[in-house]
Amino acid sequence: MKTATEKRNTRIRATICDIPKGSVASYGQIAEIAGIPRGARQVGYALRHLPEGHKVPWHRVVRASGEIAMRTGSVGHREQKKLLQNEDVAILNGRVDMKKYRWQPDLDELLWKPSAAWDDE
DNA sequence: CATATGACGACAA
DNA sequence: ATTGTCGCCATAT
């Protein structure tokens, strides 16, 4: 069986996979949608320890402030910036304009992923 | 069991 | 805008 933590991480990754191209979401936002209120740090942890061969659009996850979370200058940081710009997400002064690019899921999208039936992933 | 840490976030000064 | 605190919560030691 899966541990509660594994399920949470699965939901986190699944949620991130739903971020549409050209949009971004904050760690806290992902946590909330994934059913983990105040679990922003968990999202960070989950991303940091992504499994091999993942297909998660991790670059669409930024801080609530719009800044890229990774250390400035790090390889990952540059990579993320590049990936975002490839999706037409502008980065001014090292930050994304959240007002403009923040992902705003529709009711339908949220209804897809009922938090109750995730026991068998 | 006690601390420390971190790809966070909200808020006060 | 910048800096410091504190709350959160899974992991690591």
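In what follows, every chain begins at residue 1, and chains take the letters A, B, ... in the order their sequences are listed.
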Quiz item: To the nearest Å, how far apart are A/Met70 CE and B/dA7 P?
Solution: 7 Å

Exercise. Using atom CG of A/Leu83 as one end and atom C1' of B/dA7 as the other, report the distance to the nearest whole Å.
Key: 15 Å

Exercise. Starting at the 5' end of nucleotides 1-13 of chain C, put B wherever the base has a protein heavy atom under 4.0 Å, S where only the sugar-phosphate does, and a dash everywhere else.
Key: ------BBBBSS-

Taking only distance into account, with no hydrogens and no angle test, what donor-acceptor pairs under 3.5 Å do side-chain atoms of residues 26-35 of chain A form with protein atoms, sequence neighbours excluded?
residue	atom	partner	partner atom	Å
A/Ser26	OG	A/Gln29	N	3.1
A/Gln29	OE1	A/Ser26	N	3.3
A/Gln29	NE2	A/Trp103	O	2.7

Exercise. Using a cut-off of strictly less than 4.0 Å, decide whether A/Ser26 has a side-chain nitrogen or oxygen near OP1 or OP2 of B/dC8.
Key: no

Quiz item: Taking only residues at least two apart or on different chains, which pairs with a member in residues 63-72 of chain A satisfy side chain to side chain donor-acceptor pair (under 3.5 Å)?
Solution: A/Ser65-A/Glu67

Quiz item: Atom CZ of A/Arg63 to atom P of B/dG6: distance rounded to whole Å?
Solution: 13 Å

Quiz prompt | Member of A/Met70, A/Arg95, A/Gln80 meeting the side-chain contact (heavy atoms from CB on, under 4.5 Å) criterion with A/Val62 | solution = A/Gln80

Self-check item: Result of checking A/Ile16, A/Val61, A/Ile12 against A/Val56 for side-chain contact (heavy atoms from CB on, under 4.5 Å)
Solution: A/Ile16

Practice problem: Check whether any side-chain heavy atom of A/His59 lies under 4.5 Å from a side-chain heavy atom of A/Lys81, and answer yes or no. | Solution: no

Self-check item: With A/Tyr45 via side chain to side chain contact (heavy atoms under 4.5 Å, CB included) - residues at least two apart
Solution: A/His49

Self-check item: Sequence-distant partners of A/Glu79, salt bridge (charged side-chain N to carboxylate O under 4.0 Å, His left out), two or more places apart
Solution: none

Self-check item: For atom CD of A/Glu67 and atom P of B/dG6, their distance in whole Å
Solution: 18 Å

Quiz item: Mind checking whether A/Pro51 and A/Arg13 have side chains closer than 4.5 Å, heavy atoms only?
Solution: yes

Quiz item: Which of residues 50-61 of chain A have a heavy atom under 4.0 Å from DNA chain C?
Solution: none

Exercise. Take the protein atom CD1 of A/Ile30 and the nucleotide atom C1' of B/dC8, then report the distance between them rounded to whole Å.
Key: 13 Å

Quiz item: Touch check for A/Ser65, heavy atoms < 4.0 angstrom, all strands: base, sugar-phosphate only, or nothing?
Solution: nothing

